[in-house]
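Have a look at the structure below before the remarks.
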Amino acid sequence: MGDVVARYKRARGYNVLHPMGWDAFGMPAENAAMQTGSHPAEWTYKNIEIMRGQLKRMGLAIDWSREFATCDPEYYVHEQRMFLEFLEKGFVERRRSFVNWDPVDQTVLANEQVIDGKGWRSGAPVERRELSQWFLKITDRADDLLEALDRLEGWPDNVRLMQKNWIGKSSGLKMTFRYVGEKPADADGLEIYTTRPDTLFGASFCAVSPDHPLAKAYAEKDEGAAAFIAECQAAGTSEEAIERAEKKGFRLPYEVAHPFVEGRRLPVFIANFILMHYGTGAIFGCPGHDQRDHDFAAKYGLDIIPVVLPAGEDARTFSVAEEPYVGPGSIFNSGFLDGMGVEDAKAEIIRRIEERGEGEGTTNYRLRDWGVSRQRYWGCPIPIVHCETCGVVPVLKDQLPVTLPGEADFSEPGNPLDRHPTWKHVNCPACGRPALRETDTFDTFIDSSWYFARFASAPEDRPTDPETADYWLPVDQYIGGVEHAILHLLYARYYSRNMKECGWLSVDEPFANLFTQGMVVHATYRDETAGEWLFPEDVKLDGETATRRDTGAPVTVGAIEKMSKSKKNVVAPEEIAEAYGADAARWFMLSDSPPERDVEWTAAGVEGAWRLVGRIWDAADAGRDALKAVDLAKAPETDGPALDLRRAVHGAVAGVTDDIEHFRFNKAIARLYELVTAVRKFETSDDAGAFARAEALSVLTRLIAPFTPHLAEECWEAIGGEGLVCDAPWPEADKALLQKDVILLPLQVNGKTRSQLEAPADADKDAIEKLALADPAVARFAEGKTIRKVIVVPGRIVNVVAS
RNA sequence: GCGGGCGUGGCGAAAUUGGUAGACGCAAGGGACUUAAAAUCCCUCGGCCGCAAGGCCUUGCCGGUUCGAGCCCGGCCGCCCGCACCA
């Protein structure tokens with residue numbers, strides 16, 4: 001799709017930058033190293049070599065002079081430099097945090113790599129571990145990232161909505177409940193966060209996360225609490241496990257006072273359903289109006305007090321004993337709040353708590369800071385040294401890049417950088433004494449968060465030349481899968497803001513227009529008895545049945561899925577190009593489905609595209625040197641078939657242009673099929689006919705060029721075009737030829753189409769009405785009825801209403 | 001559970017956003033050419049009735065608004081995606 005757009009825009013006279021590069025760090029290379037013994041770098045560059053060849057073979061019009069891989073030290077040196085700049089500016093922080101830890105592979109796993117609570121590679125149950133990690137403080141920009149979404153008009157709504165939900169802004173109240181009686185050390189009160197301050201009078205307990213400092217401190221002197229916390233931490237972190245987990249708590253020996261109800265004391269629990277990383281890691285529970293709190297209260301016999309009354313309910317009979325009520329209503333059982341609506345009550349509580357100095361209204365975000373430390377080899381080294389005397393010390397900028405050691409041991413799990421015999425031993429940049437390098441590497445999402453800027457401008461000595469980068473950025477058209485909707489696209493937006501503050505860019509938003517395209521998918525084939533997946537080329541399809549080519553054994557045709565090596569539902573680009581040519585493959589992929597949807601790769605489908613390539617070539621071949629015989633700038637008077645062809649040609653120009661502009665490639669292709677048919681059927685051979693035919697061939701060749709560039713060049717040469725078609729200007733539609741003198745109007749009687757009216761294109765309503773009433777179909781279907789009304793929509797339809 | 005999207009022939013899909021439903025392609029069937037096959041070309045192709053002209057029905061289901069609904073509104077059913085103990 002990107003290639004079609006690039007070629008089309010170039011033909012329209014734009015200065016087009018269409019680059020390509022490789023996001024090349026990451027686990028797959030390291031896994032391959034563990035499995036095959038080859039070095040990640042060797043494996044990666046070899047694959048790049050292969051993929052570059054495949055892309056070139058598909059005829060992608062790419063500026064290869066700008067190519068790079070993110071694992072090139074010439075690229076990541078700038079990443080290290082920017083990290084140090086971010087550190088200086090306070091965009092980065094080192095702190096302890098919980099991670100998913102795979103005890104077998106001995107590495108941190110991303111959430112996406114934890115499947116049903118187990119490591120995706122090792123299958124071992126994942127543990128929660130607290131480690132010191134580097135964080136990019138994306139939450140500092142949460143509000144800006146959220147606000148700016150509204151202005152990203154070139155982005156699909158669903159992606160913007162997903163980011164909005166991911167950032168998850170909520171407004172509520174942060175407040176402190178005072179302890180009564182026994183108190184934990186160094187605290188007078190417990191700070192909680194709530195989005196439902198209106199239900200404060202329904203509070204019957206407080207609870208903290210197992211990771212909350214209060215819980216941890218108490219666990220140090222109480223084995224029961226320690227055991228409870230350990231149990232919570234051992235519980236699966238998968239979504240499924242979380243959903244099924246029973247609400248459980250551990251009663252602490254503390255109580256807090258209700259701020260507005262004299263004498264009401266709330267017990268304090270450690271509870272397994274409280275998240276430390278949201279709000280303050282502590283809540284008040286209102287069982288009457290929250291499902292989780294209700295479950296918890298039912299289990300521990302706590303009060304369930306209704307305080308929100310739904311419209312139409314009677315306060316004397318309304319009960320939340322069985323089910324909590326979470327909807328809107330009016331407040332009751334709540335002293336000074338009684339009678340208020342939910343929103344007014346929220347504002348009133350916040351006002352009073354603020355007045356008493358016990359808390360404040362705040363906004364909260366679901367978004368968490370971006371942990372970027374990975375205990376892996378194949379990533380960009382974090383340019384930091386840990387010194388016993390000086391602490392955390394940045395590597396001096398003139399000593400960058402910190403490169404990966406060429407030799408490393410991949411034979412066992414864990415971080416090869418950490419166990420490398422010499423690599424981590426360096427002298428402290430500050431005091432010069434022996435110190436240790438940071439052995440973590442960056443999350444690979446950092447690599448992909450700024451590559452577009454490097455494509456635009458790639459000086460050797462700094463990340464970008466800002467002026468050059470500004471000429472190109474923001475990216476006019478970004479194309480990618482919807483799977484990037486949150487992570488990559490959010491990180492890149494954030495990173496651009498950081499880069500802007502460091503002076504490397506002047507845009508906040510890196511991608512002006514975003515299109516989320518579908519994937520090429522393929523049916524899966526499996527030999528159930530042998531228990532193995534089969535490549536499509538090893539399967540013989542005959543109507544409903546499928547068999548193995550080698551043994552003839554029956555084959556089960558499975559789901560149509562994203563192509564993956566493990567299920568072997570892949571087709572090698574080389575083989576496609578060999579069998580059908582790159583153009584047929586390009587044409588088919590674009591023709592079969594709307595571009596945002598997946599396209600199923602089928603042999604029959606490519607064959608259809610292949611036939612079309614042949615038909616176009618036949619037409620060009622039959623029109624050899626047609627352009628040399630006429631002057632396209634001097635259109636003769638035409639009528640009859642020649643005029644019809646010219647109209648079809650100019651209609652196609654207008655239609656295809658509009659379709660490409662709006663990413664409707666499948667429709668553009670449908671139009672091109674029609675144009676090909678029109679050209680092939682055209683037979684007139686007089687002067688006007690020769691002109692119309694030459695014009696049609698010239699236009700057709702230029703219109704197909706973005707889709708089938710190789711074919712287009714051959715056709716261009718055959719019909720006698722000057723130079724290369726890729727240098728020829730995009731055709732312009734002649735507006736006069738888009739208008740018709742006579743149009744066909746559907747004629748309805750009582751809303752059902754009964755006939756067609758042939759009317760002058762410029763006929764007014766009265767004239768059309770007269771024509772309609774004279775039509776025999778009206779006489780027939782309105783027979784015995786009175787004509788009540790005639791609705792004329794010029795250029796569209798006529799409807800005669802009779803009853 | 002919350003949020004979003006989508007349901008149209010045997011299949012992939014169109015429908016100028018309220019105006020002839022099924023463009024275009026795939027598959028299938030029939031025919032021409034050929035000794036034969038491939039390729040190519042022509043025809044048919046949502047369902048029912050009819051020799052035909054033509055008629056009736058049809059966009060997941062039920063109802064509504066409208067001269068007119070695949071499109072708008074209400075209620076169901078089904079599928080897909082995102083988030084998910086977020087207080």
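Every heavy atom of this structure was used, including side-chain atoms; hydrogens, water molecules and symmetry mates were not. Residue numbering restarts at 1 for every chain, and letters A, B, ... go by the order of the sequence lines. Everything numeric here is computed off the predicted structure, so don't read it as measured data.
Taking a pair to require two hydrogen-bonding distances under 3.5 Å in either a Watson-Crick or a G-U wobble arrangement, B:U44 pairs with B:A28. Pairing of B:C79, defined by two Watson-Crick or G-U wobble distances under 3.5 Å, is identified with B:G5. For B:A69, there is no paired base (Watson-Crick or G-U wobble, both distances below 3.5 Å). The partner of B:G74 is B:C62, by the rule that a Watson-Crick or G-U pair needs both atom distances under 3.5 Å. Under the Watson-Crick and G-U wobble criteria, each requiring two contacts below 3.5 Å, nucleotide B:U35 is left unpaired. Pairing of B:A84, defined by two Watson-Crick or G-U wobble distances under 3.5 Å, is not identified with any nucleotide.
Residues meeting the salt bridge (Lys or Arg N to Asp or Glu O under 4.0 Å) test with A:Asp618, sequence neighbours left out: none. With sequence neighbours excluded, the residues that form a side chain to side chain contact (heavy atoms under 4.5 Å, CB included) with A:Pro213 are A:Met276. Every residue meeting the salt bridge (Lys or Arg N to Asp or Glu O under 4.0 Å) condition with A:Glu343, not counting sequence neighbours, appears here in chain and number order: A:Lys346. Not a single salt bridge (Lys or Arg N to Asp or Glu O under 4.0 Å) links A:Asp762 to another residue, sequence neighbours left out. Residues satisfying the side chain to side chain contact (heavy atoms under 4.5 Å, CB included) test with A:Asp150, not counting sequence neighbours, are none. Residues satisfying the side chain to side chain contact (heavy atoms under 4.5 Å, CB included) criterion with A:Thr786, sequence neighbours excluded, are A:Arg788. Applying the salt bridge (Lys or Arg N to Asp or Glu O under 4.0 Å) test to A:Asp290 and every residue at least two apart in sequence or in another chain returns A:Arg292.
Taking atom P on both B:A14 and B:A23, the two are 13 Å apart, rounded to the nearest angstrom.
Residue A:Asn666 has a polar side-chain atom (N or O) positioned under 4.0 Å from OP1 or OP2 of B:A14. Contact annotation: A:Arg366 does not reach the phosphate of B:C2 (side-chain N/O to OP1 or OP2, under 4.0 Å). Phosphate proximity of B:A13 to A:Arg597: present, with a side-chain N or O under 4.0 Å from OP1 or OP2. For A:Tyr278 and B:A87, the shortest distance from a side-chain N or O to OP1 or OP2 is below 4.0 Å.
For residues 793-803 of chain A, there are no salt bridge (charged side-chain N to carboxylate O under 4.0 Å, His left out) pairs, not counting sequence neighbours.
Taken to the nearest 0.5 Å, the CG atom of A:Leu487 stands 9.5 Å off from the CD atom of A:Gln163. Atom-to-atom distance recorded for A:Leu266:CG and A:Phe205:CZ is 9.5 Å, nearest 0.5 angstrom.
A syn orientation is assigned to B:G9, its glycosidic angle lying within 90° of 0. Because its glycosidic torsion is within 90° of 0, B:U17 is reported here as syn.
Aromatic ring pairs are classed by plane angle as parallel below 30°, tilted from 30° to 60° and perpendicular above 60°; the pair A:Trp370 and A:Tyr491 is parallel. Between A:Phe296 and A:Tyr300, the two ring planes are tilted [angle within 30° to 60°].
The stretch residues 201-209 of chain A has no heavy atom under 4.0 angstrom from RNA chain B at all.
Going from atom NZ of A:Lys247 over to atom C1' of B:C85 covers 5 Å, rounded to whole Å. In this entry the distance linking OH of A:Tyr365 with C1' of B:C83 reads 19 Å, nearest Å. Atom P of nucleotide B:C85 and atom CG of A:Asn272 are separated by 12 Å, given to the nearest angstrom. Rounding to whole angstrom units, CD of residue A:Glu674 and P of B:A14 are separated by 14 Å. Look at CG on A:Leu161: it is 14 Å from P on B:A84, rounded to the nearest Å. Nucleotide B:A14 holds its P atom 14 Å from the CG atom of A:Leu590, rounded to whole Å.
Picking from B:A23, B:U20, B:G55 the nucleotide with the shortest atom distance to the side chain of A:Arg780 gives B:G55. In this structure, the nucleotide among B:G12, B:C67, B:G25 sitting nearest to the side chain of A:Tyr673 is B:G25.
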Practice prompt. If a protein heavy atom is under 4.0 Å from the base, mark B; if only from the sugar-phosphate, S; if neither, -; do that for nucleotides 38-45 of chain B going 5' to 3'.
Written response: --SS----

Distances for protein N or O near nucleotides 15-19 of chain B N or O, under 3.5 Å:
from, atom 1, to, atom 2, distance (Å)
B:A15, OP1, A:Lys667, NZ, 2.3
B:U16, N3, A:Arg796, NH1, 3.2
B:G19, N2, A:Gln748, OE1, 3.4

Atom pairs, protein N/O to nucleotides 57-60 of chain B N/O, distance under 3.5 Å:
from, atom 1, to, atom 2, distance (Å)
B:C57, OP2, A:Lys752, NZ, 2.8

